[in-house]
Amino acid sequence: MNVAIVFDSSTGRTRTAAEQMAGVVRAAGHECSVQSVQDAGPATVSAADAVCIGSWTEGLFVVLQHATKATMEFIDRLGPLDGKPAAVFCTYKLAVGGMLPKMAARLGERGANVTGQFKSRGAFAAEGFDDWVRSLG
Ligand SMILES: Cc1cc2nc3c(=O)[nH]c(=O)nc-3n(C[C@H](O)[C@H](O)[C@H](O)COP(=O)(O)O)c2cc1C
């Protein structure tokens with residue numbers, strides 16, 4: 001399988017988390033690209049067998065958390081995902097509020113079958129991400 005991981009990172013934690021997640025995907029025998037929302041091409045990402053999109057958490061720490069504008073705009077630029085498996089993730093410091101379901105719903109609007117939502121309180125792959133990778137087959 002060919003998995004595309006795309007992230008938005010300001011200070012590098014989400015980038016490192018995404019790279020660790022790519023390591024988990026590759027260790028399971030899949031191919032995996034990992035690129036920022038600034039560098040990734042929506043057409044190439046849409047052509048992957050599975051996609052995983054992540055953002056750092058932006059908000060007022062305890063309320064109004066959301067994915068970055070660049071993350072949501074990237075999701076909106078994806079082509080039809082036709083039921084492909086997908087996941088969303090974020091890194092955060094305190095609380096993520098409802099941002100992951102919102103990211104998942106937006107990716108669902110592109111036709112993805114969003115089967116994973118992960119949050120990492122640091123620059124590492126979230127617990128349970130390996131189960132999502134296993135679910136890809
Ligand atoms: C302006 C700003 C707002 C933030 N708001 C939140 C927040 O609402 N909740 C939270 O848990 N972390 C919040 N954070 C912390 C970041 O989401 C967290 O440090 C993240 O891992 C940074 O990822 P990055 O290094 O990839 O940019 C905020 C950080 C900044 C700079």
Side-chain angles (χ1 to χ4, degrees):
M1 245 194 197
N2 178 14
V3 181
I5 298 180
V6 181
F7 61 88
D8 191 17
S9 182
S10 173
T11 62
R13 292 167 113 217
T14 315
R15 172 184 290 274
T16 304
E19 284 165 355
Q20 304 261 327
M21 292 161 80
V24 173
V25 173
R26 291 182 189 123
H30 303 294
E31 282 179 38
C32 187
S33 63
V34 53
Q35 285 186 299
S36 69
V37 288
Q38 289 79 20
D39 291 342
T44 310
V45 172
S46 307
D49 301 311
V51 301
C52 181
I53 313 280
S55 173
W56 58 278
T57 301
E58 190 175 26
L60 300 179
F61 285 88
V62 283
V63 289
L64 296 174
Q65 301 92 340
H66 54 88
T68 63
K69 192 165 179 271
T71 304
M72 297 306 257
E73 285 180 355
F74 185 83
I75 291 173
D76 290 343
R77 288 166 62 210
L78 292 171
L81 293 173
D82 297 330
K84 287 178 188 178
V88 293
F89 72 99
C90 66
T91 66
Y92 73 109
K93 276 218 168 119
L94 202 61
V96 303
M99 72 180 268
L100 287 170
K102 281 185 192 150
M103 292 170 75
R106 201 76 160 252
L107 202 46
E109 283 173 22
R110 308 311 310 142
N113 178 23
V114 184
T115 50
Q117 299 184 19
F118 303 100
K119 54 179 185 180
S120 302
R121 208 171 191 170
F124 45 76
E127 203 178 313
F129 181 70
D130 51 347
D131 290 332
W132 181 78
V133 172
R134 264 193 292 279
S135 78
L136 299 175

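Just so it is clear, the model here is predicted, and its values are computed rather than measured.
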So which heavy atom on [X] is nearest to which on [Y], and how close?
X: A48; Y: A4; result: CB-CB, 3.7 Å
X: A67; Y: M72; result: CB-SD, 4.0 Å
X: F7; Y: F89; result: CB-CZ, 4.2 Å
X: V25; Y: C32; result: CG1-CB, 3.7 Å

* To do: Show your reasoning for whether side chain to side chain contact (heavy atoms under 4.5 Å, CB included) applies to L81 and S46.
  => CA-CA 6 Å; L81 293 173; S46 307; 4.1 Å; yes

Between [atom1] of [X] and [atom2] of [Y], what distance do you get to the nearest 0.5 Å?
X: S135; Y: D130; atom1: OG; atom2: CG; answer: 10.5 Å
X: K102; Y: S55; atom1: NZ; atom2: OG; answer: 12.5 Å
X: R15; Y: W56; atom1: CZ; atom2: CH2; answer: 15.0 Å
X: E73; Y: D8; atom1: CD; atom2: CG; answer: 10.5 Å
X: L100; Y: T57; atom1: CG; atom2: OG1; answer: 7.5 Å
X: L78; Y: K84; atom1: CG; atom2: NZ; answer: 9.5 Å

* **R121 side chain near L94 side chain, heavy-atom distance below 4.5 Å** =>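 Heavy-atom side-chain distance check passes, below 4.5 Å.
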
Are [X] and [Y] linked, directly or through other ILVMFWY residues, by side chains that come within less than 4.5 angstrom of each other?
X: F118; Y: V88; value: no
X: V37; Y: V34; value: no
X: V3; Y: V133; value: yes
X: V96; Y: L107; value: yes
X: F124; Y: M21; value: no

* To do: Output all residues satisfying side-chain contact (heavy atoms from CB on, under 4.5 Å) with Q20, sequence neighbours left out; order by chain, then residue number.
  =>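 With neighbours one apart ignored, the set is T16, A125.
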
* Asked: Between Q65 and A95, is there a donor-acceptor pair closer than 3.5 Å when you use the side chain of the first and the backbone of the second?
  ->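 Indeed, once roles are kept as given, a pair shorter than 3.5 Å links the two residues.
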
* Quick check: does any side chain N or O of T91 sit under 3.5 Å from a backbone N or O of S120, one acting as donor and the other as acceptor? ->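 Not confirmed, T91 side chain does not pair with S120 backbone.
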
* Any luck finding a side-chain donor-acceptor pair between W132 and T115 under 3.5 Å? ->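 There is such a pair between these side chains.
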
* Hey, could you give me each pair passing salt bridge (Lys or Arg N to Asp or Glu O under 4.0 Å) that has a residue in residues 30-53? Not counting sequence neighbours. =>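 Salt bridge (Lys or Arg N to Asp or Glu O under 4.0 Å) check on residues 30-53 returns no pairs.
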
* Could you go through the side chain to side chain contact (heavy atoms under 4.5 Å, CB included) check for V45 and F74 one step at a time? => CA-CA 10 Å; V45 172; F74 185 83; 3.8 Å; yes

* Do other residues, nucleotides or ligands put more than 12 heavy atoms under 6.0 Å from the NZ atom of K119? ->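 Open: at most 12 neighbouring heavy atoms sit under 6.0 Å from NZ of K119.
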
* Candidates M103, M99, E58, H66 - the one meeting side chain to side chain contact (heavy atoms under 4.5 Å, CB included) with T71 ->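 The passing option is M103.
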
